[in-house]
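Below, all heavy atoms of this structure are taken into account, side chains as well, without hydrogens, waters or symmetry copies. Residue numbers start from 1 in every chain, and the chains themselves are labelled A, B, ... in the order their sequence lines are given, proteins ahead of strands.
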Protein chains: 2
Amino acid sequence: MLENLNRIEVVNPVDLIISQIRDLISSGSVKPGEKLPPERKLAEHFGVSRNQVREAINKLQFYGIVKVQPQSGTTVTGIGIVALEGLITDILKIEDSDLKSLVDTRILLEKEAARLAALNRTNDDLVQLTNALKEYKNKLSASDHAVEEDLMFHIKIAEASNNKVLKSLMMIITPDIVKKFIQYKVCNVANNNQTLEEHQNILDMISNQDAAGAVRAMEVHLSDIKKFSNNKN
Amino acid sequence: MLENLNRIEVVNPVDLIISQIRDLISSGSVKPGEKLPPERKLAEHFGVSRNQVREAINKLQFYGIVKVQPQSGTTVTGIGIVALEGLITDILKIEDSDLKSLVDTRILLEKEAARLAALNRTNDDLVQLTNALKEYKNKLSASDHAVEEDLMFHIKIAEASNNKVLKSLMMIITPDIVKKFIQYKVCNVANNNQTLEEHQNILDMISNQDAAGAVRAMEVHLSDIKKFSNNKN
DNA sequence: TTGTTAGATTTGGTCGACCAATAATTGGAT
DNA sequence: ATCCAATTATTGGTCGACCAAATCTAACAA
């Protein structure tokens with residue numbers, strides 16, 4: 001019965017304003033490098049309050065579409081078509097993605113991170129990794145729930161890879177992975193002692209600067225997760 | 001002379017508030033799942049206006065640290081340590097990264113996207129890719145500057161891969177790549193006709209569902225860029 | 001004609017007050 | 001004692017007004 005009722009579309013007004021401004025850019029009215037009309041004009045033109053326009057511009061700034069300069073104006077950065085193809089809503093909305101995409105992509109990044117870490121790690125990186133592993137062990141013996149420490153170890157690997165972009169991307173998807181894992185209660189599946197051993201293996205390979213070995217160790221480590229995600233979706 | 005003067009630290013007040021709230025979370029005063037103190041209390045406690053607190057909370061919501069529920073409160077999501085290790089500032093600040101990291105990571109993502117696209121592409125994907133290639137060709141013959149159309153083709157490949165996360169990540173780093181390319185004037189280096197041919201090759205491989213071939217074609221296509229980035233940094 | 005400067009205007013940033021929806025409290029009926 | 005409805009308090013959201021910095025204008029001097 002109820003499912004036949006149309007879902008009420010409660011559209012956020014700022015999202016509407018965002019797409020309006022987007023149209024302004026994609027139609028060519030305002031080209032990259034040029035200034036957006038002032039907030040007051042936009043507010044008047046759209047028939048909304050200035051605060052709504054401000055919030056919309058704020059979001060656009062987050063996405064890197066525009067850059068606001070106090071007491072001067074808001075300029076459109078030269079990112080062009082890419083962000084305008086109705087894609088804005090896609091960026092950073094990974095939470096709707098299916099678990100498989102998330103895990104597959106994570107594995108891709110993690111393997112590369114392990115490889116680069118084996119090649120580029122400094123001695124300080126090894127210390128950091130060892131510490132992270134130790135903290136993970138401690139947390140495990142205390143509370144048998146150490147998702148954050150687990151992921152922290154992986155983040156440290158990304159750091160050791162000396163590729164900031166890789167690290168940033170991993171950090172972008174990591175929270176979503178945690179969310180999904182908690183949602184599906186993956187933790188119960190994992191054997192914590194085995195995880196610990198696998199972490200140690202990865203660390204050894206990185207320590208020995210064995211790139212291929214590190215990739216392999218990481219692959220083994222993530223195989224369980226991959227299996228799980230394949231079953232789900 | 002001038003370089004001996006200390007640079008004036010013009011710290012954004014909201015960033016300070018953000019770290020204050022972060023401390024509130026990492027110190028354990030507010031655990032994941034619990035509610036943050038109301039905006040008014042926070043404003044009073046920090047001795048700032050409520051708007052500043054609102055803006056800070058807005059940013060935290062963007063980063064996925066908290067979730068605001070109108071007329072109810074702001075709850076801390078369970079993302080834990082990861083976002084708190086002083087890492088917030090790292091996320092999405094890819095623009096400071098060196099070109100090599102950017103290009104290396106892009107190549108990693110692009111090869112995987114090409115592989116998955118060859119495996120998963122639908123007929124509609126082929127139409128989209130063909131159109132994107134055509135638009136690129138048109139723009140080239142008209143203006144010999146078609147960076148956006150070029151990248152659009154790559155985005156379409158990511159779409160055809162049927163891995164939303166991969167696509168999102170590519171879209172996150174793409175604007176930065178464009179920026180760097182314009183900065184270093186990479187466009188002059190590129191031979192546009194050759195690029196066109198390479199795009200056609202990739203499309204053919206994807207069309208034939210030849211995964212290995214698609215990866216290879218993508219590798220060839222990006223090899224010039226890789227060479228360039230290796231020389232720079 | 002050109003360069004400079006004082007004033008007016010426009011800009012995004014900030015603030016305090018008010019709004020509607022939610023949550024908490026309280027009072028009474030059973 | 002328990003449950004429920006009406007009331008009150010609290011919450012994030014919205015708005016219009018004001019602020020200081022940047023920009024523009026134009027008048028004046030060289």
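- A close approach under 4.0 Å does occur between a side-chain nitrogen or oxygen of A:Q52 and OP1 or OP2 of D:dC15.
- Nearest-nucleotide positions on DNA chain D place B:E39 closer to the 5' end than the other of B:E39 and A:K35.
- The number of heavy atoms from other shown groups lying within 6.0 Å of CD (B:Q69) is above 12.
- Between the CD atom of B:E55 and the P atom of C:dT14 there is a distance of 6 Å, given to the nearest Å.
- Two end axes, each from the C1' atoms of five base pairs, can be drawn for the helix from C:dT1-D:dA30 to C:dT30-D:dA1; they diverge by 0°, to 10 degrees.
- Donor-acceptor pairing under 3.5 Å is lacking for the side chains of A:S101 and A:D104.
- Taking the side chain of B:P38 as heavy atoms from C-beta on, and the options C:dG12, D:dC15, D:dT11, the nearest nucleotide is D:dT11.
- When the side-chain nitrogen and oxygen atoms of A:T74 are compared with OP1 and OP2 of C:dG12, one or more of them lie within a distance under 4.0 Å.
- For B:Q52 (side chain) and B:S49 (main-chain N/O), no donor-acceptor pair under 3.5 Å exists by modelled atom type.
- Rounded to a whole Å, the CD atom of A:Q69 is 8 Å from the P atom of D:dT23.
- Atom CG in B:L42 sits roughly 12 Å away from atom C1' in D:dG12 (whole-Å rounding).
- Look at CD on B:E44: it is 15 Å from P on C:dC15, rounded to the nearest Å.
- Ranking C:dT11, D:dT23, D:dT14 by closeness to the A:S72 side chain, first place goes to D:dT23.
- The side chain of B:R40 has C:dC19 as its nearest neighbour among D:dA17, C:dC19, D:dT14.
- Salt bridge A:E159/A:K156: present, at least one basic N to carboxylate O contact under 4.0 Å.
- Between A:N51 atom CG and A:E39 atom CD the span is 9.0 Å, to the nearest 0.5 Å.
- Between A:Q71 atom CD and D:dA21 atom C1' there is a gap of 4 Å when expressed in whole angstrom units.
- Atom C1' of nucleotide C:dC18 and atom CG of B:N51 are separated by 13 Å, given to the nearest angstrom.
- Between B:H221 and B:H199, the ring planes lie perpendicular to each other; the angle is over 60°, past the 30° to 60° tilted range.
- Here the side chain of A:R50 is nearest to one of D:dA17, D:dG12, D:dC15, namely D:dA17.
- In the set D:dT11, D:dA21, D:dG16, D:dT11 carries the atom at the smallest distance from any side-chain atom of B:K41.
- For B:R54, the listed nucleotide lying nearest its side chain is D:dG13; candidates were D:dG13, D:dG16, C:dG13.
- Heavy atoms of other residues, nucleotides or ligands lying less than 6.0 angstrom from CD of A:E44 number 12 at most.
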